[in-house]
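One structure is given below, encoded as structure tokens.
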Amino acid sequence: MSTPATTYAHAPQSGSRLPEKFGGAVLSAYLVLFVIFLLSPIVIVVMTSFTPGDAVEVSFAGVSLRWYRRLLEYRPFTDSLITSLVIAALATVLAILFAVPAALGIADARSRIAHALTSFLLSPIAVPPLVVGLSSLYYLAGLGIGNPFVALLITHTCVSVPYVLRTTIAACRNLNPGYGEAASVLGASVWQRFVHITLPLISPGIFAGALFSVLISLDNLGVSYFFGNATTTTLPVVMLSYLQNQFDPSIAAISTVQMLIAIVLLLAVERLFGLRTLNA
């Protein structure tokens, strides 16, 4: 009795799992090395901020908070951190006010004008920050805006709008139009549909864009470098100026504080919406 050919076709081959196991081991090792490569600079900076010595180095002789006390004693650090937080918060609010209506208007549009408008509003992401800062300096000077706080707020808002717009457009395109139609049938006005249906559904996208906006604003140097004065400037500019004159572990301490702010914001996103919701 002859054996069907399919029996040999589906028969397990000895040793076929060895390449799979080897490939999985190589991939796992690559991922571990990649994570170590990403986290090593962060860990070194945090460890350096607790060094008791004067040199910028990882010390195993002990732990000290002297460089965090230095942050409180050096007023430019604290003042610029407060300025950065205020600018980031106000710029994010203004970016939401500009980006959300724009996203609602162009999310469902398929015309060339809508695509061109979307590309224009997202263009600050592609333009180098130094170019944005330099061009904004000449433009705002031509308009007669000499207040450094107002100039910083305007430029940071322009840089923040694309991040809020991009996530909000994605959230708007995932909306089920049936919800709004059902609300209209039940007699809801346009404002009621927006407040009770549209806004709650797109709020994860808005909050995700706001998170990116705050983080980008806090870490922005290329735009902030062209604005500000001795009393009104952002933290990255003060850090750069500090490094030009002296180099000590207080830079690592203020960098650790910046990372803690980012971690707190990420935990707030996870607490309010959950990262899975934002990815969806």
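Side-chain contact between Thr155 and Leu140 is present, with at least one heavy-atom pair separated by less than 4.5 Å. Tyr68 has its side chain within reach of Phe50: a pair of non-hydrogen atoms, C-beta onward, lies under 4.5 Å apart. Using a 4.5 Å heavy-atom cutoff, the side chains of Val237 and Ser241 are not in contact. Counting heavy atoms from C-beta on, the side chains of Leu121 and Leu117 come closer than 4.5 Å. A 4.5 Å side-chain heavy-atom check between Tyr139 and Ile145 finds every atom pair outside the cut-off. Within the 4.5 Å cutoff, the side chain of Leu39 has heavy atoms near those of the Val35 side chain. Between Ser136 and Phe227 there is a side-chain heavy-atom pair separated by less than 4.5 Å. Residues Leu104 and Cys172 are in side-chain contact: their nearest non-hydrogen atoms beyond the backbone lie under 4.5 Å apart.
From Leu211, atom CG reaches atom CD1 of Ile216 across 10.0 Å, with rounding to the nearest 0.5 Å. To the nearest 0.5 Å, the span separating CZ on Phe149 from OG1 on Thr234 amounts to 11.5 Å. Taking OG1 of Thr83 as the start and CG of Leu153 as the end, the distance is 12.0 Å to the nearest 0.5 Å. In this structure, Phe194 CZ and Leu201 CG are separated by 11.5 Å, a value rounded to the nearest 0.5 Å. Atom CZ of Phe207 is separated from atom CD1 of Ile96 by 9.0 Å, given to the nearest 0.5 angstrom. Here the CG atom belonging to Asn147 is positioned 9.0 Å from the CD1 atom belonging to Ile154, to the nearest 0.5 angstrom.
Here the side chain of Ser84 pairs a donor or acceptor atom with the backbone of Leu235 at under 3.5 angstrom. Here the side chain of Ser135 pairs a donor or acceptor atom with the backbone of Val131 at under 3.5 angstrom. In this structure, the side chain of Trp67 engages the main chain of Thr51 through a donor-acceptor pair within 3.5 Å. With hydrogens and angles disregarded, no donor-acceptor distance shorter than 3.5 Å links the side chain of Ser217 to the backbone of Val214. The closest donor-acceptor contact from the side chain of Glu73 to the backbone of Arg70 lies at 3.5 Å or more, if one exists at all.
Taking hydrophobic clusters as Ile, Leu, Val, Met, Phe, Trp and Tyr residues chained together by side-chain heavy-atom distances below 4.5 Å, Val238 does not share a cluster with Leu72. Linking Ile, Leu, Val, Met, Phe, Trp and Tyr residues whenever their side-chain heavy atoms come within less than 4.5 Å places Val93 and Ile82 in a single cluster. At a threshold of 4.5 Å between side-chain heavy atoms, the hydrophobic network of Ile, Leu, Val, Met, Phe, Trp and Tyr places Phe226 and Ile87 in one connected group. Two different hydrophobic clusters hold Phe212 and Leu85 under the rule that ILVMFWY side chains link at heavy-atom gaps under 4.5 Å. The hydrophobic clustering, which links ILVMFWY residues whose side-chain heavy atoms are closer than 4.5 Å, places Leu152 and Leu143 together.
With sequence neighbours left out, the salt bridge (charged side-chain N to carboxylate O under 4.0 Å, His left out) criterion links Arg173 to no other residue. Applying the salt bridge (charged side-chain N to carboxylate O under 4.0 Å, His left out) criterion to Asp79, with sequence neighbours excluded, gives Arg75.
Nearest heavy-atom pair, Val223 versus Pro129, reported as atom, atom and distance to 0.1 Å: CG2-O, 3.6 Å. The minimum heavy-atom distance between Ala91 and Thr157, with the atom names listed, is CA-OG1, 3.6 Å.
Within the structure, the ring-ring contact (aromatic ring centres under 6.0 Å, His included) test picks out no pair touching residues 98-130 (sequence neighbours left out). Judged as a ring-ring contact (aromatic ring centres under 6.0 Å, His included), the pairs with a partner in residues 240-271 (not counting sequence neighbours) are, in order, Tyr74-Tyr242, Phe77-Tyr242.
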Can you list the steps and then say if Leu199 with Ile206 is a side chain to side chain contact (heavy atoms under 4.5 Å, CB included)? CA-CA 9 Å; Leu199 186 59; Ile206 297 175; 3.9 Å; yes
Go through it in stages, so that I can follow the logic: the residues are Ser224 and His156, the test is side chain to side chain donor-acceptor pair (under 3.5 Å), and I'd like the CA-CA distance, side-chain angles, deciding distance and then a yes or no. CA-CA 8 Å; Ser224 304; His156 279 241; 2.8 Å; yes
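Residue-environment remark: CG (Leu267) exceeds the threshold of 12 foreign heavy atoms within 6.0 Å.
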Let me have the donor-acceptor pairs involving side chains of residues 162-170, under 3.5 Å, with sequence neighbours excluded, atom names and distances please.
residue, atom, partner, partner atom, Å
Thr167, OG1, Tyr163, O, 3.2
Thr167, OG1, Val164, O, 3.2
Thr167, OG1, Gly205, O, 2.7
Thr167, OG1, Gly209, N, 3.3
Thr168, OG1, Val164, O, 2.6

Got a list of side-chain donor-acceptor pairs under 3.5 Å for residues 253-263, not counting sequence neighbours?
residue, atom, partner, partner atom, Å
Ser255, OG, Ile251, O, 2.7
Thr256, OG1, Ala252, O, 2.8

